[in-house]
Amino acid sequence: MVIKVSMNKHKSRSKALKVAVGFSGVESVALKGDDMSQIEVTGDGVDAVALTTSLRKKVGYAEVVSVGAAGAGAGDQSMDNEKIEANPEPVVWPNYHVAAPLPHYDVCVVRDYDPYGCSIL
């Protein structure tokens, strides 16, 4: 995958590389592009959204340019299509509706109740 990151100084470049290398599944990281503002990440099972979000939080502006298999040629394309077709249907979770809790009312019990009115007379 290739991620474009706004990196103006050497310090921000090294920080972006450290963030990318720290993610699980990352095998290699390299700077790419004319102005070295793109990071090429190679690995298995790397979450592009989580990596981009982390780069935004720690370095600055970041956007995903491309995601795909490294060095994918015409022969590799058919293998990717077979893998996609072999995946089962997505799991649909049931929609559980949780009712809002009812308000709690305090009940006051009067024990000395006189049904005939005033007890002073």
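The first residue of the sequence shown is numbered 1, and numbering continues consecutively from there. These figures come from a predicted structure and were not determined experimentally.
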- request: Quick one: pull up CG in Leu51 and CZ in Arg56 and give me the separation to the nearest 0.5 Å.
  value: 10.5 Å
query: With Val5, which of Ile39, Leu17, Leu31 fulfils side-chain contact (heavy atoms from CB on, under 4.5 Å)?
result: Ile39
statement: For Ala20 and Val29 the tightest heavy-atom approach is CB-CG2, 3.9 Å
- prompt: Taking a hydrophobic cluster as the set of Ile, Leu, Val, Met, Phe, Trp and Tyr residues connected by side-chain heavy atoms closer than 4.5 Å, whether directly or through intermediates, do Val65 and Val26 fall within one such cluster?
  reply: no
- prompt: Counting only heavy atoms not in Asp44, do more than 12 fall under 6.0 Å of its CG?
  reply: no
- request: Grab the two heavy atoms, one from Gly60 and one from Ser6, that are nearest each other, plus how far apart they are.
  value: C-OG, 4.1 Å
- request: Starting at NZ of Lys9, measure out to NZ of Lys15 and round the result to the nearest 0.5 Å.
  value: 12.0 Å
- prompt: Measuring from Glu40:CD to Ser66:OG, what's the distance to the nearest 0.5 Å?
  reply: 8.0 Å
- line: What one should report as the nearest heavy-atom pair of Ala16 and Met7 is CB-SD, 3.7 Å
- line: For Ala62 and Leu55, the nearest pair of non-hydrogen atoms, with its separation, is CB-CB, 4.0 Å
query: Do you know which two heavy atoms are closest between Ala48 and Met1, and how far apart they sit?
result: CB-SD, 3.6 Å
- prompt: What residues, two or more places apart in sequence or in another chain, satisfy side-chain contact (heavy atoms from CB on, under 4.5 Å) together with Lys18?
  reply: none
query: What pair of heavy atoms forms the shortest contact from Lys32 to Val2, and how long is it?
result: NZ-CG2, 3.8 Å
- request: Could you tell me whether a side-chain N or O of Ser54 sits under 3.5 Å from a main-chain N or O of Ala50, the two making a donor and an acceptor?
  value: no
query: Under a 4.5 Å side-chain heavy-atom rule over Ile, Leu, Val, Met, Phe, Trp and Tyr, are Tyr61 and Val41 clustered together?
result: no
